[in-house]
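These notes concern the structure reproduced below.
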Amino acid sequence: MAHVVIVGAGVVGCATAWALVRAGHTVALVDRHAGPCRGASMRNGAQLSYAYADALATPGLLAQLPRILAGRDPAFRLRLQADPEFLVWALRFFANMRPSAFRDNTARLTRMAARTQALMPEIVADLDLVFDHAASGKMILHADERSLAKARENVALKSSLGMRLEVLDRAKANAIEPALAHYRDPIAGVVYSPADAVGRPSAFCEGVVRELTKRGKLEKRFGCEATGLVRRAGRAVGALLNGGAPATGDAVVVATGYGLSRRGPFAPPFSAVWPVQGYSATFPATAQAMACSITDIKRKLVFARLGDKVRIAGIADIGRRDFAFVPERFDALLAGARAAFGAGFDHTFEDIEPWSEARPCTPSSSPLIGPTAIPGLWRNLGHGTLGWTLCLSSAEMLVEEMQAQLR
Ligand SMILES: Cc1cc2nc3c(=O)[nH]c(=O)nc-3n(C[C@H](O)[C@H](O)[C@H](O)COP(=O)(O)OP(=O)(O)OC[C@H]3O[C@@H](n4cnc5c(N)ncnc54)[C@H](O)[C@@H]3O)c2cc1C
């Protein structure tokens with residue numbers, strides 16, 4: 001049995017903690033925040049998007065690039081920066097928009113998503129987790145035939161990988177999700193994935209930490225920033241903490257998302273990950289709220305039902321690293337939701353919980369999972385738009401690799 005220090009207590013760090021404990025080890029979980037899930041995972045779109053684990057760099061995005069660069073797309077902004085790290089990342093991101101790269105990336109992510117889907121019932125039962133988890137299905141709305149034709153190719157790819165998806169006309173989709181009756185625009189067709197799920201990542205992470213602590217398998221080191229490595233005989237065995245004694249063990253996992261600093265052992269490699277800022281709003285559900293998750297492709301918005309709340313999420317702003325909450329961008333999210341469902345949706349947007357964070361995006365959307373150049377130091381980060389959907393699979397993949405060295 002080994003003791004592993006995990007730096008970062010978002011969904012990825014918490015899933016890694018469970019995977020290590022499941023494999024017979026104990027963990028110390030470090031985060032600069034006072035509790036788990038306060039970074040990019042906190043109030044994300046909540047989608048366990050098993051059948052829609054598409055790479056962010058799509059061929060369609062390439063065609064929209066002039067509009068995006070001109071700042072005319074309300075949901076997507078790309079501000080080029082005179083920063084070598086950003087420029088290298090952006091060139092690699094553009095290269096991943098090729099149709100063949102998109103297909104390969106999406107197939108890889110879909111296989112990972114399927115693995116999370118298979119593991120989810122196990123962790124829920126093992127730790128008795130309650131997090132508004134529901135397999136309520138997902139509908140992706142396509143406004144025109146062109147968009148739907150592209151979607152059909154994607155459905156064929158996903159079906160070949162074992163995912164359950166069907167294309168519905170509006171009437172059939174309305175019969176499954178009555179809230180669609182309030183959608184204001186034309187719908188050419190709907191891609192429906194009945195097994196897709198939702199859940200609140202914050203309640204999930206709190207449950208994982210609580211249960212593993214209760215079992216004596218997890219040592220909480222919250223409110224501490226990891227500032228350097230503890231090494232023994234050239235191997236990483238722990239982290240120096242600003243705010244407490246070092247956390248030491250037999251190995252270290254870096255699960256820091258886009259990373260607080262750009263350099264050092266707890267940062268992603270040069271130009272491998274760039275933060276892509278997004279927003280969410282959570283508010284009480286009315287009687288007319290959707291039960292199923294809805295993705296509005298035209299507006300790049302997702303709507304999720306989480307118990308007695310509805311969450312909308314979207315906006316992808318790429319450029320600055322020192323992002324902050326921009327009220328106009330949050331308003332653009334709300335305006336998109338109102339334009340989609342109008343007054344018929346009947347949300348007053350009272351009691352809104354506004355939120356913004358950044359997705360830790362790699363150019364290919366595939367996370368970095370595995371060893372680093374420093375013996376004993378491992379990495380599990382860069383999950384982009386899909387960290388919640390991929391967290392259990394990436395944790396299991398990492399632990400499979402680590403096992404041989406942890407005995
Ligand atoms: C608006 C929005 C909507 C999204 N919607 C979805 C969705 O619907 N479905 C989905 O699958 N994904 C979604 N995502 C993506 C998903 O939330 C991310 O991929 C995921 O949160 C990444 O998890 P993480 O654990 O790697 O990072 P984080 O949750 O950011 O965790 C990293 C942690 O590391 C800590 N840390 C960093 N450096 C240090 C240090 N040196 N010392 C101590 N602590 C440190 C940070 O404090 C942080 O808590 C969305 C993201 C956003 C922003």
Side-chain angles (χ1 to χ4, degrees), residues 5-17 29-50 52-53 56 75 109 112-113 116 138 196-202 204-205 221-229 239-244 247 253-262 264-268 273 275-281 293 295 300-304 306 311-317 323 329-330 333 354-362 365 367-369 379-392 394-395:
V5 176
I6 302 169
V7 180
V11 283
V12 174
C14 290
T16 304
L29 188 57
V30 176
D31 204 289
R32 71 188 174 108
H33 291 294
C37 207
R38 311 269 171 103
S41 309
M42 189 177 179
R43 270 189 240 146
N44 69 15
Q47 310 281 300
L48 290 160
S49 206
Y50 304 128
Y52 188 50
L56 182 63
L109 295 169
M112 285 184 70
T116 293
K138 185 176 177 84
D196 275 5
V198 290
R200 272 192 302 128
S202 52
F204 173 91
C205 291
R221 301 301 305 271
F222 297 143
C224 298
E225 184 178 331
T227 52
L229 283 180
L240 297 170
L241 303 185
N242 174 351
V253 175
V254 182
T256 52
Y258 50 78
L260 287 183
S261 48
R262 291 174 78 157
F266 307 115
V273 174
V276 174
Q277 189 175 7
Y279 292 77
S280 78
S293 290
T295 296
K300 305 182 183 79
L301 275 183
V302 298
F303 299 77
L306 288 171
R311 179 168 297 166
I312 51 180
I315 307 277
D317 288 347
F323 55 87
R329 298 302 282 145
F330 181 70
L333 178 86
W355 180 78
S356 178
E357 250 291 350
R359 310 158 178 98
C361 291
T362 62
S365 296
L368 310 179
I369 305 166
R379 205 180 265 137
N380 190 6
L381 52 80
H383 295 65
T385 59
L386 291 164
W388 183 212
T389 307
L390 305 179
C391 65
L392 293 179
S394 68

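Start at 1 and go down the list; that is how both ligands and their atoms are numbered. In what follows, every heavy atom counts, from backbone to side chain, and hydrogens, waters and symmetry copies are set aside.
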Using the salt bridge (Lys or Arg N to Asp or Glu O under 4.0 Å) criterion, which residues pair with R38? Sequence neighbours excluded. none

If I compare all heavy atoms of G39 with all of W355, which pair ends up nearest, and what's the gap? O-CZ2, 3.4 Å

Quick check against the 3.5 Å criterion: does S365 have a side-chain atom that pairs as donor or acceptor with the backbone of L56? yes

Protein residues having a heavy atom less than 4.0 Å from any atom of ligand 1: V7, G8, A9, G10, V11, V12, D31, R32, H33, G39, A40, S41, N44, G45, A46, Q47, C224, E225, A226, A255, T256, G257, L260, G278, Y279, W355, E357, R359, P360, H383, G384, T385, L386, G387, W388, T389

Say whether, by atom type as modelled, one donor and one acceptor occur between the side chain of S356 and the main chain of G278 under 3.5 angstrom. yes

Backbone of A113 reached by a side-chain donor or acceptor of T389 within 3.5 Å: no

Donor-acceptor pair between N380 and T16 side chains, under 3.5 angstrom: yes

